[in-house]
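Note sheet for the following structure.
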Protein chains: 2
Amino acid sequence: MFPEERRQAIVDLVQRHGRVEVAALSQRFDVTGATIRADLQLLADQGVLVRTHGGAIPVGAGLHELSLVKRRQQHGVQKARIARASSALIEDGEAVFIDSSSTALAVVEHVRQRRDLTVVTNSLVVAQELLGQPNVTVVMPGGTLHHDTVSLIDVGGLAVLQRYHIAKGFFGAHGLTPADGLTDVSESEARVKRALVEMCRQVIAVVDATKWGRTGVASFARVQDVHKVITDVDAPIEMVQSVRDLGVEVALV
Amino acid sequence: MFPEERRQAIVDLVQRHGRVEVAALSQRFDVTGATIRADLQLLADQGVLVRTHGGAIPVGAGLHELSLVKRRQQHGVQKARIARASSALIEDGEAVFIDSSSTALAVVEHVRQRRDLTVVTNSLVVAQELLGQPNVTVVMPGGTLHHDTVSLIDVGGLAVLQRYHIAKGFFGAHGLTPADGLTDVSESEARVKRALVEMCRQVIAVVDATKWGRTGVASFARVQDVHKVITDVDAPIEMVQSVRDLGVEVALV
DNA sequence: ATTTACTTTCATTTGCTTTCATTATACAGC
DNA sequence: GCTGTATAATGAAAGCAAATGAAAGTAAAT
């Protein structure tokens, strides 16, 4: 059995059974726990499952609200810094896109002082945050509501955005590597982002240090498609360098 | 059982049962109180529940509660009755439209028990309420966010809905008269509703008694376009009669 | 000869329990 | 209504066993 097959089998098991244990898996596939742990690590990095002590559970097992709150709290300081640096790029009167990642969400808090802004977003949370900001026009694409990310995913719904000229797009990501570019955990999510990357004159990636070197299941932008990466100082320096070598500006805040 | 699973189960319990006790939880999961307390601490820190002496109680999700409170302020009893009667018309597996009026919003509360429902709505509040209902697929049109009604208004964005066959549409209104039909307070709002009336096989107007005889600035449906009016017993009887004379079913609840 | 897949070893971390001093709650007596 | 006391809940600290990640080693494939 190839490692790939084993990993696929693990994914199947965790989906179908709701949980897997390291010990059980190591027995079933006749490998040691260390190997299983490596597999689980890999799959967790890809966002396919969630690692626990002693095993793993499927992604999305937790309430969406829980995960949103959780994600919002994690790395709060770095996110706030990244968000502040990002919002400094926004100019009055522009149209910008803000995606449904938690890092991009943090950008919203800083757009309050801008005037006559148009914010395009597929995130209900972003839209909600901007409600009651009379200086900001919020535009949303149509689509089906995705429970985990609280966002609309449907490429067909993007047609309504055609007439807007979006100056800058702020994209979060599950992972960022020089080779795979920006990646996300689901193909459907990635499909929308891919289309939106096309529509933004400038693509700005907002990713904290933990995202570097991680690869999700679906990529939505190559590094060359990105105009600017905003990340924090903990980002691995050699990876930052190779992204810079590809001609992309990387800001460490 | 993994710690994550236990915590998830605690969240489920506190949501469903309204309260949990440390002693009961520690017995149920076969761990000591100290462990349960640590779990509750963690969940309380995340804002998922509120800690009390001896246990915990649920916390309503921010806007969720807000909208609930708001909704119950005015004509609560009538609206609830109208909503209950309306939701009785919905059948499992259907696609229905629910608009952004407060009366239509009340219908949402009753769709929880339906299976495999598709709800089309341009209201962020409706979408929000249905989040976390795995049995309901939420579809939204694209558009610009209207601050007052918290809804998306943009006829262009409706294209994404073309492929859905919407069985029933529940429309609130600012006013209803035999002559002017259903009217709303803004032309832009009415324009969307007009298009949506076209798309629904059955148009159901949900209006409390105060709406009868009132006319807003823009009408979005003639009385003949409506298949059913659901209102309360306080509706002026002679006006109800003239609507019935036009061949429209009027239910007084 | 080099890469890939895996195992073994081991110091560290995690999750949990137990113990204990402190604090909150309930309620009986005034 | 108040107050003191009994009872229960709490958080902190210490201890323990299982799980873990990192590193070094082994074997097979290319």
Side-chain angles (χ1 to χ4, degrees), chain A residues 1-14 17-59 61-62 66-67 70 73-75 175 177-180 209-215 234-239, chain B residues 1-14 17-59:
Chain A
M1 174 175 243
F2 302 125
E4 265 313 309
E5 294 178 296
R6 189 182 55 235
R7 285 177 206 127
Q8 190 51 54
I10 292 175
V11 172
D12 282 351
L13 277 170
V14 76
H17 202 241
R19 67 193 307 265
V20 287
E21 283 172 38
V22 173
L25 290 174
S26 104
Q27 197 167 4
R28 178 185 241 269
F29 297 116
D30 199 30
V31 292
T32 59
T35 304
I36 295 297
R37 275 196 288 278
D39 286 344
L40 293 182
Q41 171 96 275
L42 190 80
L43 295 170
D45 280 349
Q46 290 182 354
V48 181
L49 47 74
V50 176
R51 194 72 168 75
T52 68
H53 213 81
I57 53 177
V59 66
L66 183 84
S67 62
K70 225 182 202 165
Q73 283 180 349
Q74 277 177 344
H75 314 292
T177 67
D180 302 312
T210 63
K211 309 295 165 55
W212 289 83
R214 208 153 68 165
T215 303
D234 297 333
I237 188 67
E238 68 284 353
M239 220 175 278
Chain B
M1 172 172 248
F2 303 131
E4 279 81 356
E5 293 179 299
R6 189 183 53 236
R7 287 178 204 128
Q8 188 52 51
I10 292 174
V11 173
D12 281 351
L13 278 170
V14 77
H17 202 242
R19 53 174 282 139
V20 287
E21 285 171 36
V22 172
L25 290 175
S26 104
Q27 195 168 4
R28 178 184 241 270
F29 297 118
D30 198 30
V31 293
T32 60
T35 303
I36 295 297
R37 275 195 288 279
D39 286 344
L40 293 182
Q41 173 95 277
L42 192 80
L43 294 170
D45 282 348
Q46 291 181 353
V48 181
L49 46 75
V50 176
R51 195 72 169 73
T52 66
H53 212 81
I57 53 173
V59 59

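Below, chain A is the first sequence line, B the second, and so on; all start at residue 1. Here the structure is a predicted model, which is why all the values come from computation and not from measurement.
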> How many Å lie between CG on Leu25(A) and P on dT7(C), as a whole number?
Replying inline: 13 Å

>> With nearest nucleotide decided by heavy atoms, which residue, Ala23(A) or Ala34(A), maps closer to the 5′ end of DNA chain D?
In response: Ala23(A)

>> Can you measure Asp39(A) atom CG to dT7(C) atom C1' for me and round it to whole angstrom units?
In response: 14 Å

>> Students often get this wrong, so: under 4.0 angstrom with heavy atoms, is Asp30(B) touching a base, only sugar-phosphate, or nothing?
In response: sugar-phosphate

> Does Arg37(B) reach the main-chain N or O of Gln41(B) with its side chain, forming a donor-acceptor pair under 3.5 Å?
Replying inline: no

>> Just the rounded figure in Å: distance from P of dA5(C) to CZ of Phe29(A).
In response: 16 Å

> Between dC16(C) atom P and Met1(B) atom CE, what is the distance in whole Å?
Replying inline: 11 Å

> Using a cut-off of less than 4.0 Å, is there contact between a side-chain N or O of Arg51(A) and OP1 or OP2 of dA19(D)?
Replying inline: no

> What nucleotide among dT20(D), dC16(C), dA5(C) has an atom nearest to a side-chain atom of Pro3(A)?
Replying inline: dA5(C)

> In whole angstroms, how far is the P atom of dG15(C) from the CD atom of Gln41(B)?
Replying inline: 15 Å

> Which one, dT10(D), dT7(C), dT20(D), comes nearest to the side chain of Val22(B)?
Replying inline: dT10(D)

> Do the side chains of Ile57(A) and Glu4(B) get nearer than 4.5 Å, heavy atoms only?
Replying inline: yes

> Which part of the nucleic acid does Ser26(B) contact within heavy-atom distance under 4.0 Å: base, sugar-phosphate only, or nothing?
Replying inline: nothing

> If only side-chain N and O atoms of Arg6(B) are considered, is one of them under 4.0 Å from the OP1 or OP2 phosphate oxygen of dC16(C)?
Replying inline: yes

> Which nucleotide, dT20(D), dT18(C), dG11(D), lies nearest any side-chain atom of Arg37(B)?
Replying inline: dG11(D)

> Taking atom P of dT4(C) as reference, at what distance in whole Å does atom CZ of Arg7(A) sit?
Replying inline: 12 Å

>> Counting neighbours of CZ on Arg28(B) that are heavy atoms of other residues, nucleotides or ligands and sit closer than 6.0 Å, is the number greater than 12?
In response: no

>> Using whole Å, what does the distance between atom C1' of nucleotide dC16(C) and atom CD of Glu4(B) come to?
In response: 14 Å

> Whole Å only: how far is the CG atom of Leu42(B) from the C1' atom of dT10(D)?
Replying inline: 17 Å

> Considering only side-chain heavy atoms of His53(B), which listed nucleotide, dT14(C), dT25(C), dT7(C), is closest?
Replying inline: dT25(C)

> Is there side-chain contact between Ile10(B) and Leu49(B), with at least one heavy-atom pair below 4.5 Å?
Replying inline: yes

> So does Glu21(A) pair up with Arg19(A), basic N to acidic O under 4.0 Å?
Replying inline: yes

>> Is the phosphate of dT17(C) approached by Thr35(B) (side-chain N or O, under 4.0 Å from OP1 or OP2)?
In response: yes

